[in-house]
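Every value quoted in this text rests on a predicted model; they were computed, and no experiment measured them. We name chains A, B, ... by the order of the sequence lines, and we start the count at 1 in each one.
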Amino acid sequence: MRYEPQRIEEKWFARFEADPKLYAAEPSTSKRKKYYVLEMLPYPSGALHMGHVRNYSIGDALARHMWMRGYNVLHPMGWDAFGLPAENAAIKAKVHPRQWTLSNIAHMKSQMKRLGYAYDWAKEVATCLPEYYRWNQWFFLRMYERGLAYRKKSRVNWCPECATVLANEQVVGGCCWRHETTPVEQRELEQWFLRTTNYAEELNAELEKLQGWPEKVRTMQRNWIGRSEGAYVNFQLAAPAGKRDDQISVFTTRIDTIYGATAVVLAPGHPLVEHLVGDDPELVGKVTELVAQQRKAKESGDLGAVEKRAVPTGKFAINPFNREKVPIWVANYVVMDYGTGAIMSVPAHDERDHEFAKKYGLEIRIVVLPRRMGDVPDADSGDSDVLPYTGEDSLLINSGEWNEMSCREGQQKMAEFAEENGFGKKAVTYRLKDWGISRQRYWGTPIPMLYCEKCGIVPVPEKDLPVVLPDNVEITLEGGSPLARVSEWVNTKCPKCGGNARRETDTMDTFVDSSWYFYRYTDPKLADRPLDTATIGYWFPIDQYIGGVEHAILHLIYSRFWTKVMRDMGIVKNDEPAARLFTQGMVIKGGAKMSKSLGNVVSPDDMIAKYGADATRLYTLFAAPPDRDLDWQDMGVEGVSRFLSRAYRFVTRHANAAAGAIPGQLSPEARALQRKLHQTIKRVSDDFAARWHFNTSISAIMELVNDLYAAEETIASGKVPAALVREINRNLVLLLAPLAPYVAHELWETLGETSSLLRDNWPKYDPALAKEDEIEIAVQVNGKLRSRLSVAADATEDQVRTRALADERVKAALDGKQIVKAIVVPGKLVNVVVK
RNA sequence: GCGAGAGUGGCGGAAUUGGCAGACGCACCAGACUUAGGAUCUGGCGGGGAAACCCGUGGGGGUUCGAGUCCCUCCUUUCGCACCA
């Protein structure tokens with residue numbers, strides 16, 4: 001029989017379709033252990049690409065494997081269905097975003113089904129439907145009540161291409177995350193924010209517990225949160241500033257070096273700058289220039305490379321520790337959005353301050369004893385090539401009463417001293433900012449807020465949810481939010497006073513949608529609540545989350561935040577959404593990411609048409625370990641297709657081998673096949689359990705099939721009992737089932753098996769049967785391979801050593817030299833050391 | 001600049017705990033079957049050498065009986081962060 005993937009896959013596709021319960025998760029009352037495997041939901045852009053296929057093939061193999069191992073598996077899929085591309089399509093093709101999105105969903109869903117993915121479609125979620133996004137609104141109102149959602153005017157990132165605001169997380173190297181060459185502008189706008197910073201400490205601390213997450217992702221999140229321990233210190237202005245605040249608060253992690261502070265430096269945007277500069281026209285001009293230049297640098301994303309520039313204000317501040325007057329400068333290397341926007345400059349012990357001081361001739365005062373390599377204090381501390389000395393494991397000098405204290409002790413004690421004396425306090429700062437979620441776009445969740453002429457900001461009452469997007473809207477990228485122009489929607493009555501009110505016309509960032517969709521999967525039709533706490537208690541945390549590393553910061557930090565908020569609301573019990581995270585590599589071709597402009601895109605549809613879904617999926621698993629990038633090679637698919645064909649032909653050719661008891665005594669040839677079978681089961685099982693290197697699993701199965709072909713004559717001669725042939729066939733099909741489900745189902749049926757291929761049947765290997773009787777031992781002389789011996793697997797070390805030393809080739813290599821010793825590594829080799 | 005990963009045949013990759021480098025697949029070569037082959041099957045396939053044998057996992061050094069694997073150092077490359085005080 002020839003392997004005809006199209007025929008097989010069409011046949012089974014129809015059968016799978018006819019059985020909608022096939023991949024349904026059992027309810028939380030199930031006696032089986034639960035397993036929640038989740039792949040990141042796609043944006044319905046139009047069609048699946050190979051990256052999707054790879055992601056979902058990994059998840060599907062795992063889900064099927066866990067079913068076969070007897071778990072109650074939840075394996076859902078949905079659509080991240082709000083977002084700008086739908087609006088762009090509306091402008092271009094004059095089609096409503098909803099229609100465009102829903103038809104894309106329909107198409108991509110059919111592609112997924114054609115690929116044979118085992119999703120429980122009854123759990124499907126599309127975030128653009130009111131039945132879903134009403135709960136975004138519900139959560140927003142709950143957060144508003146708890147003070148976690150608030151409105152403020154602030155400088156925000158604006159992408160001119162998207163015509164909307166971006167969150168900090170959506171700015172990559174100064175450009176928009178969707179438009180990598182479009183610099184982000186700064187605009188002053190009223191925006192809604194979620195208080196992610198309330199959870200900064202926990203989001204950071206809990207990274208420690210996420211042992212099932214890649215270290216890379218945890219590091220990226222740690223850097224993003226940017227926790228920093230230090231202290232605020234107030235420097236009094238030498239000349240009083242009248243009504244204004246007459247002190248400058250700086251943040252420092254090195255309060256121990258404060259005796260070395262020879263300047264206070266303000267960010268160009270610092271509120272005190274204007275006062276300090278006064279009306280000196282020359283100074284004002286220089287500072288204005290500095291402000292403009294810093295903003296330009298920020299927008300071009302060209303930070304770090306910018307040369308330090310500074311302007312002295314001519315004013316002074318007083319170091320509260322030693323009462324010294326230090327000059328106040330304004331410099332472009334101090335940024336307003338971190339700490340207090342002001343620093344104390346310690347040129348001797350900070351790289352940036354050092355560079356600054358050198359350029360502008362500021363005093364450089366050493367207050368920490370520099371140490372050379374090997375921790376030997378350097379007596380000649382005036383030696384300037386040790387500067388800046390930024391080490392913290394040394395002692396303080398030139399620091400008055402603090403001299404000879406260790407840096408670390410100084411950091412604690414001096415901060416306490418400042419606190420006791422009212423000019424400072426210990427503090428922890430974070431780089432993480434609150435999450436700005438307002439978007440000036442149409443295709444998103446309406447923010448359920450009203451602006452009443454009398455009552456001000458009024459939340460939409462819960463009973464009025466959802467606030468549904470109006471249909472008749474004209475979409476353009478100009479003139480602000482399209483919703484603002486739908487007057488019959490915008491104008492409404494205030495639920496408090498009945499007077500005139502306007503709706504909020506901004507919509508929510510689509511990352512809100514994806515922050516909790518995986519909870520909704522457990523009960524997507526639930527009508528009176530976003531989720532059922534008990535059901536969540538059963539399924540969560542997600543056992544395995546699988547997706548691209550590009551979401552390491554964005555989606556994965558928001559999801560963690562949302563989980564913690566829900567926990568504090570009492571509606572979920574888990575602290576973290578996912579116990580384990582796996583980030584698969586990209587699919588590239590010819591060393592570059594697949595893209596239309598490079599013309600190196602491989603379409604899943606074409607591959608399916610040519611080789612079938614099984615071969616397409618199998619290739620994405622075979623070509624590279626899942627965590628590495630996969631370099632697509634068209635000929636490679638050919639190879640796995642050939643392999644499936646060989647497996648198919650072997651099983652069908654021997655499908656009528658009768659079942660029965662396998663004799664304990666087998667011919668050596670039959671025994672070899674039996675051993676190979678059990679070794680293969682072990683290798684594949686181990687890969688699923690630990691490493692997920694499906695490329696080596698597939699290699700192992702290929703080896704088994706190669707051995708079967710090599711044994712065809714032996715089988716024909718009757719030396720292999722029919723019962724063993726059948727056993728091999730059965731297990732071969734079972735091993736293939738999670739990886740190539742269509743052909744596995746077909747062969748299962750061909751074998752006359754009637755039990756479910758999917759449930760409770762993962763094969764077990766017998767270690768005794770997998771064991772080799774005879775093993776080959778390498779014999780080295782001084783580490784060089786000289787011979788090989790075949791010995792019994794249970795031979796003792798002495799026996800092996802004796803055999804090795806008696807070997808002719810070894811003797812020749814020894815050539816009368818003196819044997820120092822012979823090292824025996826059981827089961828591996830003998831190394832004879834001579835001199 | 002800082003941090004993390006990667007570097008193995010013509011190519012994708014394997015070597016799971018320091019123990020026979022190159023499994024498996026692609027490409028290529030030879031043969032078989034065939035009217036035919038872009039089907040299938042069999043064999044070969046790191047480099048040098050007639051062979052014995054020698055060399056070989058980015059470069060250099062080290063530890064070890066033994067290193068792709070551990071340590072030091074340098075190079076290349078991918079990704080992340082980038083004045084974070």
Side-chain angles (χ1 to χ4, degrees), chain A residues 2 172-174 214-217 219-220 222-224 226-228 230 250-254 257 265 267 294 297-298 301-306 308 331-335 337-346 350-353 355-356 429-431 549-550 552-553 585-586 588 591 619 622-625 627-640 642-643 645-646 649 683 686-687 690-691 693 695-703 705-706 709-710 712 776-788 812 820-834:
Chain A
R2 254 185 74 204
V172 179
E215 185 56 46
K216 179 188 168 81
V217 172
T219 303
M220 284 169 72
R222 207 171 281 123
N223 290 340
W224 185 261
R227 185 182 192 276
S228 174
V250 306
F251 177 73
T252 178
T253 55
R254 293 300 304 275
T257 65
V265 187
Q294 193 186 37
K298 187 167 186 179
D302 209 15
L303 299 154
V306 176
K308 290 188 177 26
N332 63 346
Y333 77 96
V334 179
V335 294
D337 31 271
Y338 184 79
T340 60
I343 62 159
M344 62 180 206
S345 179
V346 184
D350 181 280
E351 302 269 358
R352 298 149 300 180
D353 295 342
E355 195 188 323
F356 164 62
T429 60
Y430 301 91
R431 203 183 82 113
V549 75
E550 66 272 17
I553 302 294
M586 285 192 306
I588 59 176
Y619 178 67
F622 176 68
D627 52 337
R628 294 247 292 261
D629 285 351
L630 185 162
D631 195 349
W632 188 275
Q633 306 204 0
D634 290 327
M635 286 300 116
V637 199
E638 205 90 49
V640 291
R642 222 156 13 219
F643 157 67
S645 173
R646 279 160 66 83
R649 287 201 319 271
R683 283 176 64 183
D686 288 353
D687 273 337
R691 291 202 315 166
H693 280 198
N695 53 330
T696 57
S697 310
I698 296 164
S699 296
I701 304 172
M702 285 173 168
E703 284 184 44
V705 170
N706 288 348
Y709 270 73
E712 278 287 25
E776 200 173 74
I777 297 281
V779 186
Q780 301 177 334
V781 175
N782 280 351
K784 284 197 192 299
L785 184 68
R786 289 300 176 217
S787 184
R788 292 166 213 250
V820 180
K821 57 181 166 176
I823 292 158
V824 181
V825 182
K828 300 277 185 186
L829 59 62
V830 178
N831 188 10
V832 184
V833 185
V834 299

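- Contact check for A/Phe622 versus A/Ser697: no side-chain heavy atoms found under the 4.5 Å cut-off.
- Pair check for B/G68 finds none; no Watson-Crick or G-U wobble contact set falls under 3.5 Å.
- One atom, CH2 of A/Trp632, and another, P of B/A27, lie 15 Å apart when rounded to the nearest Å.
- Spacing of P atoms, B/G12 relative to B/U40, comes out at 24 Å, to the nearest Å.
- Applying the 90° criterion around 0 to the glycosidic angle, B/G22 comes out anti.
- The side chain of A/Arg683 contributes no N or O atom lying less than 4.0 Å from OP1 or OP2 of B/A23.
- B/C83 is unpaired under the criterion used here, namely a Watson-Crick or G-U wobble arrangement in which both key atom distances are under 3.5 Å.
- Residue A/Phe622 is classed as a base contact, given a heavy-atom separation below 4.0 Å to a base.
- Put simply, A/Asn706 has a side-chain N or O that comes within less than 4.0 Å of OP1 or OP2 on B/G25.
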Quiz prompt | side-chain hydrogen bond (donor to acceptor under 3.5 Å, both in side chains) between A/Arg646 and A/Asn706, worked out | solution = CA-CA 9 Å; A/Arg646 279 160 66 83; A/Asn706 288 348; 2.9 Å; yes

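- At a cut-off of 3.5 angstrom, the base of B/C83 holds at least one donor-acceptor pair with the side chain of A/Lys308.
- Note on A/Arg786: a side-chain N or O is less than 4.0 Å away from OP1 or OP2 of B/C54.
- Spacing between B/C28 and B/G38 at atom C1', rounded to whole Å, works out to 15 Å.
- The nucleotide B/C20 finds no pairing partner, because no Watson-Crick or G-U wobble arrangement with both distances shorter than 3.5 Å includes it.
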